[in-house]
Amino acid sequence: GENVEQHPSTLSVQEGDSAVIKCTYSDSASNYFPWYKQELGKRPQLIIDIRSNVGEKKDQRIAVTLNKTAKHFSLHITETQPEDSAVYFCAATPDYDKVIFGPGTSLSVIP
Amino acid sequence: NAGVMQNPRHLVRRRGQEARLRCSPMKGHSHVYWYRQLPEEGLKFMVYLQKENIIDESGMPKERFSAEFPKEGPSILRIQQVVRGDSAAYFCASSGQGAGYEQYFGPGTRLTVT
């Protein structure tokens, strides 16, 4: 079955710097790759997603890139702010029945 | 439009008791997913249901766990004879079109087994 790996597991950056989180997946059939943000004690919320027919997508300070050949995708957050501190999960959908999440990256933005 | 609702938010059970977790999807959504999240870990897929059908239960333990999504009423995740290892946050999510589209998560039920 699909396996999603995510690195790093923890990440600390200074406010204003960029943060990059990388994920790899194993099932070449996966074609939808969402990213979720989960603040402490809260529910996960979608922040951006990308489909396999697109190589890059941007939404204000957040961007995601996808390399289908290498089976990896990345989240880029620019000009980080303290409110970006949270756990970020990447995910892949090997079929229309399930979403497989990575183990998460705990991001801390230091003011 | 109310979001995904889960109840109870917190549930304490003694070992051997049964736990029933309820999830009402967003209005108009017919796809429901259950996930388990252990402390400081990721979201583990358990089961995917549509009305009156279990589509994929490959992530659910074979024993003690069951799920349903009846024609009327909320989806229910049932854990029989709970053990301490069942202590976790259980999240329900719904979508309008299946796994290839945004999932909206409920607030979760935090189950503690004493």
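Here is how names work: the chains are called A, B, and so on, in the same order as the sequence lines, proteins then strands, and each is numbered from 1.
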message: Out of His31(B), Arg110(B), Gln103(B), Gln97(B), return the one with the most heavy atom pairs under 4.5 angstrom to chain A.
response: Gln103(B)
message: How close do Arg51(A) and Gly100(B) get, counting heavy atoms only, and between which atoms?
response: NH2-O, 2.6 Å
message: Ignoring hydrogens, what is the shortest heavy-atom contact between Tyr35(B) and Phe101(A)? Give both atom names and the distance.
response: CE2-CE1, 3.5 Å
- prompt: What part of Glu41(B) lies closer than 4.5 angstrom to a heavy atom of chain A: side chain, backbone, both or neither?
  reply: backbone
query: So which part of Gln37(B) gets closer than 4.5 Å to some heavy atom of chain A, the side chain, the backbone, both or neither?
result: side chain
Proximity breakdown for Pro34(A) and chain B, heavy-atom pairs closer than 4.5 Å: neither
message: Please classify the contact between Gln6(A) and chain B as side chain, backbone, both or neither, with a heavy-atom cut-off of under 4.5 Å.
response: neither
- prompt: Does atom NZ of Lys42(A) have more than 12 heavy-atom neighbours from other groups under 6.0 Å away?
  reply: no
query: Under 6.0 Å from the CD atom of Glu83(A), do we count more than 12 heavy atoms belonging to anything else shown?
result: yes
message: Let me check something: do Tyr33(B) and Tyr90(B) share a hydrophobic cluster, defined by ILVMFWY side-chain heavy atoms less than 4.5 Å apart, either directly or through other members?
response: no
Top contributor to chain B interface from Tyr36(A), Phe33(A), Tyr32(A), Phe89(A) [non-hydrogen pairs under 4.5 Å]: Tyr32(A)
field: N/O donor-acceptor pair under 3.5 Å between Arg43(A) side chain and Phe91(B) backbone
entry: no
